[in-house]
Every structure is written in structure tokens, then in C-alpha cells.
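Step one of this worksheet: look at the structure below.
Remember, it's 1-based here, ligands and their atoms both numbered in the order they're listed.
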Amino acid sequence: MAEKGEMIRVEKLNKSFGDLHVLKDIDMEVKESDVVVLIGASGSGKSTLLRCMNFLEIKNSGKVIIEGKAVEPNKDNLNKVRQKVGMVFQHFNLFPHKSVLNNVIEAPMMVKKLKRAQAEKEGRELLAKVGLADKADVYPNKLSGGQKQRVAIARSLAMKPEIMLFDEPTSALDPELVGEVLSTMKELAKEGMTMVVVTHEMGFAREVADRVVYMHDGKIVEKGKPADIFNNPKEQRTQDFLSSIL
Ligand code: ADP
Ligand code: MG
């Protein structure tokens with residue numbers, strides 16, 4: 001069987017905010033169609049790591065390698081790189097004055113210069129995929145939080161990313177709305193999307209993740225298959241964290 005391609009590799013990544021050293025020699029690899037779930041306490045550096053992977057934050061040292069190419073923020077076109085790496089945030093930030101469909105097609109039209117008819121066709125397909133075909137023409141304020149987040153996922157997919165990063169996509173949702181967003185993400189995973197997901201949804205991690213990575217205080221403490229991490233964590237810190245949340 002062919003070796004899976006490498007999508008993201010991070011090597012000895014360090015990131016500080018002033019005196020605060022937030023990421024400490026992080027090494028991590030994500031292969032094609034892998035789902036990696038990143039867990040850890042608040043403040044451990046999970047968001048900063050994701051943001052470094054699509055260059056919303058710029059590392060201080062180390063490497064961020066996207067599809068085999070080390071990205072140099074001062075030389076490379078970061079907008080081009082970001083098109084490969086989509087990101088979904090806890091807060092969806094849809095444009096309130098645009099319809100759902102127009103939210104989804106904004107970036108492909110503006111950035112990729114897609115013609116409206118084609119953008120709309122693709123946008124409607126994406127809305128159907130996230131279960132919102134009937135919401136194309138409504139405004140975001142008519143949607144539930146779970147629906148808004150699914151629109152945000154469709155919007156990100158509209159740029160045809162090769163990798164999707166999710167930063168606590170269900171943390172701001174009422175509990176009864178979490179499931180629909182996780183199902184959408186599960187579908188994406190099944191279709192082979194490469195995903196890095198920060199979440200506290202351990203059921204999702206167990207079921208969908210190929211690997212779970214536990215971060216503490218800016219370092220990767222332990223990584224492995226979900227069954228190993230959840231049933232037999234090797235490190236005391238991992239055990240303590242899991243017993244604090246499960
Ligand atoms: P997590 O997502 O695991 O909760 P973050 O990556 O958001 O952790 O934050 C890690 C640490 O970095 C925290 O102490 C946070 O306060 C700090 N931090 C994050 N972003 C910034 C920023 N832009 N400026 C200063 N400090 C930041
Ligand atoms: Mg965070």
C-alpha cells in the first residue's frame with residue numbers, strides 16, 4: 001500500500017508572546033486523511049498551535065511544513081498557503097447582512113475570482129452537504145448556533161482546502177446543538193478530509209480520531225491512538241487531565 005502523504009509537519013516549533021513562552025519545541029505530523037484531536041487544559045497552547053499551522057500567528061523558531069514545503073512567512077504568499085488550510089473557530093463570525101449562500105460564496109468569488117453562477121452552484125452543494133440546503137437564502141440571525149457553525153464549515157470548505165483546522169467548534173453551542181456539528185465533522189472525516197481538531201468532546205475523539213495529542217504547558221506530553229490515550233495513558237499528567245474532564 002502506498003505511504004500516506006504528509007500534509008502538515010511541525011518541527012521544533014516555538015512561539016512566545018512577549019515573555020510568555022507558549023509553544024515549546026513542538027513536533028507534530030499530520031498525514032493525508034488523518035484526523036488528529038488535540039486536547040489539553042485551557043492555556044496549554046492548543047489554539048496558538050493551530051493558528052501557527054495556518055499562519056494567523058507566526059512562529060518564533062522551528063518549521064511549519066505544509067505538503068512538504070517549509071513555509072517562510074516573510075517570503076511565501078501566506079494567503080495562498082491559507083487557502084490550503086481552512087479553519088473553523090469557536091465563534092462563527094458570519095456576515096449578518098449577507099444571506100447564508102452569500103456568506104459561503106464570498107471568499108471564492110473575492111479571492112479565487114469564481115464567477116457567481118459557479119460559486120452559487122458549489123455553495124448550494126456545500127450547504128446540502130452540511131444539511132442546510134433549505135437555508136441558502138435566509139440570514140444568519142434566523143439560524144440556531146449549530147446551523148451557523150455548519151454554515152461556517154461550508155464557508156471554509158468553499159475554498160477547497162486540503163486540510164481543515166477546527167478550534168473548539170462546539171464549545172459555544174448549547175448542548176443539544178453539539179451533535180449536529182460533530183456529525184458534519186464526522187462526515188468530512190469519512191470522506192477523507194485531513195483534520196486537526198481541538199475539542200473537549202471525548203466521544204468524538206474516541207470515535208473519529210486516528211491520533212490524540214495531549215498538550216500541557218506548551219508541550220506535547222503524550223500522543224497515540226485514542227484507545228491507548230484514553231484507556232492506558234502512560235503519563236501521570238495525561239491521567240490527571242483525563243480524570244479531571246471525564
Ligand atoms: P488554549 O487554546 O490551549 O487555551 P492558547 O493557545 O489560547 O491556549 O493560549 C496559550 C497561552 O498564550 C495563554 O497563556 C494565553 O493567554 C496566551 N496567548 C494566546 N494568544 C495570545 C496573544 N495574542 N497575546 C498574548 N498572549 C496570548
Ligand atoms: Mg483555545
Around K223, counting heavy atoms of other residues, nucleotides and ligands shown, do more than 12 lie under 6.0 Å from its NZ? yes
Once side-chain hydrogen bond (donor to acceptor under 3.5 Å, both in side chains) is applied, do any residues pair with E207, and if so which ones, sequence neighbours excluded? K186
Short question: side chain of T194, backbone of S33 - any donor-acceptor pair under 3.5 Å? yes
Validate the cation-pi geometry between K98 and F95: distance from NZ or CZ to the six-membered ring centre under 6.0 Å, angle to the ring axis within 45°. yes
So, are D27 and K12 salt-bridged, with charged N and O less than 4.0 Å apart? yes
At less than 4.0 angstrom from any atom of ligand 1, which residues have a non-hydrogen atom? List them by chain and residue number. F17, L20, V22, A41, S42, G43, S44, G45, K46, S47, T48
Out of curiosity, K4 NZ to D210 CG, how far, rounded to the nearest 0.5 Å? 5.0 Å
Hey, is there an N, O or S on S42 sitting under 2.8 Å from the Mg ion (ligand 2)? no
